[in-house]
*Asks:* 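First the structure, which I've put down as structure tokens, then a few questions once you've had a look.
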Amino acid sequence: MYRGGEGQWAWILHRFTGLGVLLFLVIHILDTFVIVFGPETYDKVMALYRHPLFRVSEVGLAAAVLFHALNGIRITILDFFPEWSGRQRQFFYGVVAVFVLVFVPSAYVMLKPLF
Amino acid sequence: MKITLRVKRFEAGRDREPYWAEYEVEAEPTDRVLDLLHAVKWHQDSTLAFRRSCGHGVCGSDAMLINGRNRLACKVLVKELGARITIEPMRGFSVVRDLIVEMEGFFAKYRSVQPYLIADGEPPANERLQSPEQRAKFDDTTKCILCGACTTSCPSFWSNPDYVGPAAIVNAHRFLFDSRDQAAEERLALLGDRDGVWRCRTIYNCTEACPRGIEVTRAIGEVKKAILLGRR
């Protein structure tokens with residue numbers, strides 16, 4: 001394992017969250033496709049999403065989308081303003097801070113019905 | 001202090017797999033890692049192979065993966081690393097023997113960006129004048145010693161050895177942003193190609209690996225912008 005800095009971890013997380021979101025999109029396309037088998041089948045499949053396990057996975061999905069979006073903005077800004085490269089670490093910690101601020105309340109709201 | 005030195009060893013054509021060799025070396029905290037390698041080679045095991053030339057951070061021969069990061073063995077001190085030091089050859093190049101890697105591909109990419117001044121027309125009677133502001137634009141990228149630490153710290157390069165790599169881009173940047181140079185179009189065409197600057201994912205490993213403190217990712221970013229916006 002190469003011991004890179006914040007930039008390398010941000011990149012690895014960006015890849016994993018990107019793949020996670022892609023996996024969700026594939027599942028989502030398949031589940032909406034079930035409508036061709038009639039509304040009853042569709043409702044049955046949709047009911048699966050109310051299972052607590054799915055609810056927890058949804059929180060994971062929200063985390064993945066949020067990190068991927070924020071880090072994407074960070075990379076875009078640094079690509080367009082290379083002169084700010086010296087502060088790339090602070091940018092990363094900014095992403096982490098905004099992530100925590102947005103994710104913690106969102107996760108609370110999403111998981112509340114479970115308890 | 002006593003140092004345990006673990007070195008990843010391999011000889012092409014003899015060993016099937018790389019293996020770890022362990023050496024105990026007595027050292028001062030202010031010794032360089034290069035001193036440890038010398039201590040092993042001169043007094044314990046003369047078969048250990050590594051490159052070094054000047055030993056003072058200028059020639060760029062002894063870049064290697066030290067405790068998980070690319071550094072020059074002649075610049076990093078024992079006190080910065082502790083009593084257990086792990087040394088591997090740089091990643092992404094094939095290993096010739098022990099810490100010696102095949103760098104011909106690396107230099108071929110360096111040559112591909114035409115790393116020299118190209119100026120058509122009659123040369124002036126005296127020097128080609130340049131203002132301090134014009135010179136400052138590429139000051140950072142004049143410092144490269146071609147050690148390979150940046151290119152072999154880059155995940156994009158590990159996964160695609162055809163990527164021209166940070167070092168070649170740094171050396172292209174040195175001439176792209178030189179007001180006296182006139183070959184920007186050719187260099188930008190090469191760097192704007194599929195194995196050029198767009199392979200860069202703005203990971204910053206190269207910047208952190210550079211033993212000369214060059215802001216490598218920034219230089220790559222400036223080249224990306226020059227290609228995108230058509231101006232330097």
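Note that this is a predicted model, so its numbers are computed, not measured. Here is how names work: the chains are called A, B, and so on, in the same order as the sequence lines, proteins then strands, and each is numbered from 1.
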*Asks:* Specify the closest pair of heavy atoms between B:Asn70 and A:Tyr2, including all atoms of both residues, with the distance to one decimal.
*Replies:*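 Distance-wise, the nearest heavy atoms are N-OH, 2.9 Å.
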
*Asks:* Among A:Gln8, A:Arg74, A:Gln88, single out the residue with the greatest number of heavy-atom pairs under 4.5 Å to chain B.
*Replies:*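 Greatest number of close heavy-atom pairs with chain B: A:Gln88.
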
*Asks:* For B:Leu229, which atoms come within 4.5 Å of any heavy atom of chain A: side chain, backbone, both, or neither?
*Replies:*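 Neither part, no heavy atoms under 4.5 Å.
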
*Asks:* Give me the one residue out of B:Glu215, B:Lys224, B:Lys225 that meets side-chain contact (heavy atoms from CB on, under 4.5 Å) with A:Pro82.
*Replies:*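 Going through the options one by one, the only one that passes is B:Lys225.
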
*Asks:* Which residues in residues 12-51 of chain A have any heavy atom lying under 4.5 Å from a heavy atom of chain B?
*Replies:*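 Heavy-atom contacts from residues 12-51 of chain A to chain B are A:Arg15.
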
*Asks:* Checking the side chain of B:Arg218 only, and the main-chain atoms of A:Gly86 only, is there a donor and an acceptor separated by less than 3.5 Å?
*Replies:*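 Side chain of B:Arg218 to backbone of A:Gly86: no pair is present.
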
*Asks:* As an exercise, state the distance from CZ of B:Arg91 to CE of A:Met1, rounded to the nearest 0.5 Å.
*Replies:*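 B:Arg91 atom CZ to A:Met1 atom CE measures 8.5 Å (nearest 0.5 Å).
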
*Asks:* With a sphere of 6.0 Å drawn around CD of B:Glu104, does it hold more than 12 non-hydrogen atoms of other residues, nucleotides or ligands?
*Replies:*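 Yes - once you tally the heavy atoms of other residues, nucleotides and ligands closer than 6.0 Å, there are more than 12.
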
*Asks:* Measure the spacing between CH2 of B:Trp198 and CG of A:Asp79 and express it to the nearest 0.5 Å.
*Replies:*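 Spacing of CH2 (B:Trp198) from CG (A:Asp79) equals 7.5 Å.
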
*Asks:* Counting only heavy atoms not in B:Phe107, do more than 12 sit closer than 6.0 Å to its CZ atom?
*Replies:*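 Counting other residues, nucleotides and ligands, CZ of B:Phe107 exceeds 12 neighbours.
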
*Asks:* Can you tell me if A:Trp9 has over 12 outside heavy atoms packed within less than 6.0 Å of its CH2?
*Replies:*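 Atom CH2 in A:Trp9 is not packed in, count stays at 12 or less.
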
*Asks:* Indicate yes or no for a side-chain donor-acceptor contact from B:Tyr204 to the backbone of A:Gly4 under 3.5 Å, with no hydrogens or angles considered.
*Replies:*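 Not at all, since once roles are kept as given, no pair shorter than 3.5 Å links the two residues.
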
*Asks:* Could you work out, with ring-ring contact (aromatic ring centres under 6.0 Å, His included) as the rule, every residue matching B:Phe175, not counting sequence neighbours?
*Replies:*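 Residues passing ring-ring contact (aromatic ring centres under 6.0 Å, His included) with B:Phe175: none at all.
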
*Asks:* With a 4.5 angstrom heavy-atom cut-off, is it the side chain or the backbone of B:Glu222 that approaches chain A, or both, or neither?
*Replies:*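 Looking at B:Glu222, backbone and side chain both touch chain A.
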
*Asks:* Would you indicate whether A:Tyr108, at its atom OH, is surrounded by more than 12 heavy atoms from other residues, nucleotides or ligands within a distance under 6.0 Å?
*Replies:*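 Check fails, neighbour count at 12 or below.
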
*Asks:* Return the minimal non-hydrogen interatomic distance between A:Ser85 and B:Thr217, and the atom names on each side.
*Replies:*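 Distance-wise, the nearest heavy atoms are OG-C, 4.5 Å.
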
*Asks:* Look at atom CZ of B:Arg135 and say whether more than 12 heavy atoms of other residues, nucleotides or ligands are closer to it than 6.0 Å.
*Replies:*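 Yes, because the 6.0 Å sphere around CZ of B:Arg135 holds more than 12 heavy atoms from other groups.
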
*Asks:* Hey, what do you get for CG (B:Leu65) to CZ (A:Arg3), rounding to the nearest 0.5 Å?
*Replies:*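 The CZ atom of A:Arg3 is 10.0 Å from CG of B:Leu65, to the nearest 0.5 Å.
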
